[in-house]
Amino acid sequence: MKRLDRSRVVLVVAILAGFFLTFYELFYVMKFNFITYSMLKSLGLDVRWLLKILDLQQSMALILAVTIVMVVLLKPTRAMGRLSIVYDGFIILSGAAGFLYLIYVYDEVVRVGYLALAWDRVLMPILAFIALVDASRRVLGYVLPTLATLAVLFAWASEGYNTRLVLNHFYYAKEGIFSIPLFVMISYVFAFIFFGSILTNLGVGRYITEFLLALLGRRVKGVAKLAVVSSLMVGTVSGSSVANVMVTGTYTIPLSVRAGYPSYIAGAVEASASTGGQIAPPILGAAAFVMAEFLNRPYRDIMIASAFPALLYFFGVYMFIDRISKKLGLMTVRGEDIPPLKPLLMRIYLLLPIPLIAVLLLMGLEPQYAALGALGAVILAVWLSMGGLGVLSKATFVILASLLALFTVHIGFSVSLSLFTLGVASLFILILLSLVFREARSALEAILGAFKDTMVTVSPVFLAATLAGVIQGSLTLTGLAATIGFTVLDIAGGNVFLVMVIVMFISLILGMGVPTTANYIITSTVGGAALAMAINSWTGLPIESSRLVAHMFVFYFGIIADVTPPVALASYAASTLAKAEFWKTAFAATKLSLSGYLIPYIFALNPTLLLVTVNWNLETLISFLIGLGGAVMTILSLSAAIEGWHGGPIGLWERLILLVLGALNILQEPLWLSTLILVISITIYTILFLRRTQRLQLKAPPSKRGMEE
């Protein structure tokens, strides 16, 4: 009973903390307080207290304090028996006092810059770091907290045990705890996490899966292919491998098992497809926003650059599933598993957020404004589609939203500010109307669930980014980042292939114990510059474009670590849902995700595939088409060779030929050679396919000849 009561209390606290965090982010980090002030001022109300805000670094400290308290409450210590509550209380007090202290002394930090030592100025940062490390190990494991601790100790020793320098660098300045990674998470990524939580709790993710099943279930041969398509759709707005698995996998994995797929294959399909969600625009993984900040490029550039690599990745997963489905003889979905299409078509406007957020980002709107602008459309669509609501309740929402939209235009708000205002206001209108209209209480429950899920989701993201910032701060303070980069170049002898292989292994090894965002930050810090120089030397690409290519390379392998054993978090989540053996699921997912391991090499050697790295002319257009064709042939050839299916079962020598063709098409330079390889590959691939299908037709009974295998 006590345990039940405690769980309820923690749930309520998590909802309240999620509400506070959301409110604070919207009003004081994203500056909705200024918007509110402007609207009230236009009505003759001068509410000046709305203009009082904390500096962004103070806001980071406050948010970290709340995050640490919530993590300790959600993940209490149990190994210390009766002392556990004392230990947890110490961590809570250390985190709260240590980070809130920065708010107290911040004015002096700004005024003096380099604080002199005093007992409180030493104790409070130490307590904050202890709480940060302890909270992180509860949700992230021991690897990243250990690396961060060693990084601080290494910096301290390297700087002659200069305590004042180290404390100022990591705590008081914006170079360690409060550096770019945490800034990006709080300023941009939070909006997308909250957006995804709203979508999930309001049922949009489930709707996408059901809609695609109803639309394509009778047409697509192999139900697991639907998992690929639905994961792509959900992944465009989720940006998280594990979250994508949990949204679509709960529906597609049981469906795939009932259709005849082995459970580990069903789990592997979902894991590999869901991992692609982090590389699928418009909402990529959190590391993409850090990349935009590191490269000083608009997020729109990152989104555009990821488009064709993402399509190639999902094409690769799809082709593997196509061949596996045909080998197993699994065809269309059973009729009883397909929901009726007509009711789903009546709610098709629930898909509006996906194209809307893409358009807003391509228009150049700030990412957080685009996310919250699309959020308003989601809330309106869900409210109008809710069953049981009367005309009055629906009309009330539409009228209030319309009046607010007209008011923002009247007072001269820009498009981005108007959309942001409508998105935030729609959230509060939904809460208000859910309290007024009893039949809409389910919407209120969904919003409360979104607050809780947001708190749970952002906690590891914020903590991982903070520790990654600490490690990055140590690497830059000591000069170790440059040293490692030059060492990588020396070992590889400047050879771009060897540099890529070394950077890939660094990323994959880090991925065994470090979340994808932290993995990207660390790997790009130590290897990004070296890889950019190697790409610049090999392709002649300008250094700024080479940096984008290098960071995209690192970004890809940081994400593909989610399906790379031995950790493979996405595979673990999928194997749990599929009730399958983890190792079989993980290795199958690695095979299905093969394109994810090869595409980074292809776009590094042919940067035109990233679209924004070159000035377009006839030569670059030809290079792009040859590169795209080579990537497609690589996927087709290798999937056929590995699965042993190419229009039918194929023999060893045919598989070897296709294996060689697939490997050769990875080469992208010089252009004449890659063109020749592509033409030869298409010719041989087609001949092998026709030979195999003709043999099968000759062996088939007369009544079945001419039918597609």
Side-chain angles (χ1 to χ4, degrees), residues 209 222-232 234-235 238-257 259-280 285 309-310 312-325 327-328 330 504 507-513 515-516 519 556-600 635 638-639 641-645:
T209 303
V223 64
K225 298 178 188 177
L226 291 171
V228 179
V229 180
S230 62
S231 293
L232 170 60
V234 174
S238 75
S240 169
S241 304
V242 176
N244 202 347
V245 169
M246 302 311 291
V247 170
T248 59
T250 52
Y251 195 80
T252 60
I253 289 176
L255 200 62
S256 297
V257 172
Y261 289 92
S263 59
Y264 75 94
I265 292 292
V269 170
E270 188 56 52
S272 56
S274 293
T275 297
Q278 288 202 68
I279 58 175
L312 288 170
Y313 175 85
F314 279 98
F315 176 67
V317 177
Y318 188 92
M319 287 310 303
F320 267 105
I321 299 306
D322 178 69
R323 300 186 193 284
I324 291 172
S325 299
K327 280 173 63 178
L328 296 174
L330 302 175
M504 176 189 74
S507 185
L508 291 178
I509 291 169
L510 275 176
M512 294 179 186
T516 54
N519 186 348
Y556 253 73
F557 280 108
I559 287 168
I560 209 70
D562 273 355
V563 288
T564 304
V567 178
L569 293 177
S571 297
Y572 179 79
S575 66
T576 302
L577 290 177
K579 299 178 181 178
E581 184 184 336
F582 165 72
W583 287 104
K584 291 180 71 175
T585 305
F587 283 120
T590 301
K591 177 183 70 174
L592 297 176
S593 304
L594 178 65
S595 57
Y597 295 89
L598 301 178
I599 290 167
I635 292 167
L638 292 182
S639 61
I642 292 170
E643 289 302 325
W645 188 275

Exercise for the section: Taking atom types as modelled, find out whether Ser325 and Tyr261 have a side-chain donor-acceptor pair closer than 3.5 angstrom. Expected result: yes
Problem - Whether Thr590 side chain and Val563 backbone form a donor-acceptor pair below 3.5 Å - result: yes
Problem - N/O donor-acceptor pair under 3.5 Å between Lys327 side chain and Trp645 backbone - result: no
Are [X] and [Y] packed together at the side-chain level, in the sense that at least one heavy-atom pair is separated by less than 4.5 angstrom?
| X | Y | answer |
| --- | --- | --- |
| Asp562 | Ser274 | no |
| Leu577 | Glu270 | no |
| Ile560 | Ser593 | yes |
| Met319 | Glu643 | no |

Which pair of non-hydrogen atoms, one from [X] and one from [Y], has the smallest distance, and what is that distance?
| X | Y | result |
| --- | --- | --- |
| Thr585 | Ala580 | OG1-CB, 3.6 Å |
| Ala561 | Gly511 | CB-CA, 3.7 Å |
| Pro309 | Ile599 | O-CD1, 3.7 Å |
| Ala266 | Ile253 | O-CG1, 3.9 Å |
| Val317 | Ser272 | CG1-OG, 3.7 Å |

Straight-line distance of [X] [atom1] to [Y] [atom2], nearest 0.5 Å:
| X | Y | atom1 | atom2 | value |
| --- | --- | --- | --- | --- |
| Leu328 | Arg323 | CG | CZ | 14.0 Å |
| Gln278 | Thr516 | CD | OG1 | 4.0 Å |
| Asn519 | Ile559 | CG | CD1 | 9.5 Å |
| Phe314 | Ile279 | CZ | CD1 | 6.0 Å |

Handout entry: Residue list, ring-ring contact (aromatic ring centres under 6.0 Å, His included) with Phe587, at least two apart or on another chain
Key = Trp583
Handout entry: By ring-ring contact (aromatic ring centres under 6.0 Å, His included) - contacts of Tyr556 (at least two apart)
Key = Phe603
With a cut-off of 3.5 Å and sequence neighbours excluded, list every side-chain donor-acceptor pair involving residues 569-576.
| from | atom 1 | to | atom 2 | distance (Å) |
| --- | --- | --- | --- | --- |
| Ser575 | OG | Ser571 | O | 3.2 |
| Ser575 | OG | Tyr572 | O | 2.8 |
| Thr576 | OG1 | Tyr572 | O | 2.9 |

Practice task
Only counting residues at least two apart or in another chain, list the ones meeting salt bridge (Lys or Arg N to Asp or Glu O under 4.0 Å) with Lys579.
Solution key: none
Handout entry: Full working for side-chain contact (heavy atoms from CB on, under 4.5 Å) between Ser595 and Leu312
Key = CA-CA 7 Å; Ser595 57; Leu312 288 170; over 6 Å; no
Exercise for the section: Check side-chain contact (heavy atoms from CB on, under 4.5 Å) between Leu598 and all other residues, then give those that pass, not counting sequence neighbours. Expected result: Leu594, Thr634, Leu638, Ile666
Exercise for the section: Applying side chain to side chain donor-acceptor pair (under 3.5 Å), name anything that partners Tyr597, two or more places apart in sequence or on another chain. Expected result: Thr564
Problem - Within 6.0 Å of OH in Tyr264, more than 12 heavy atoms from elsewhere - result: no
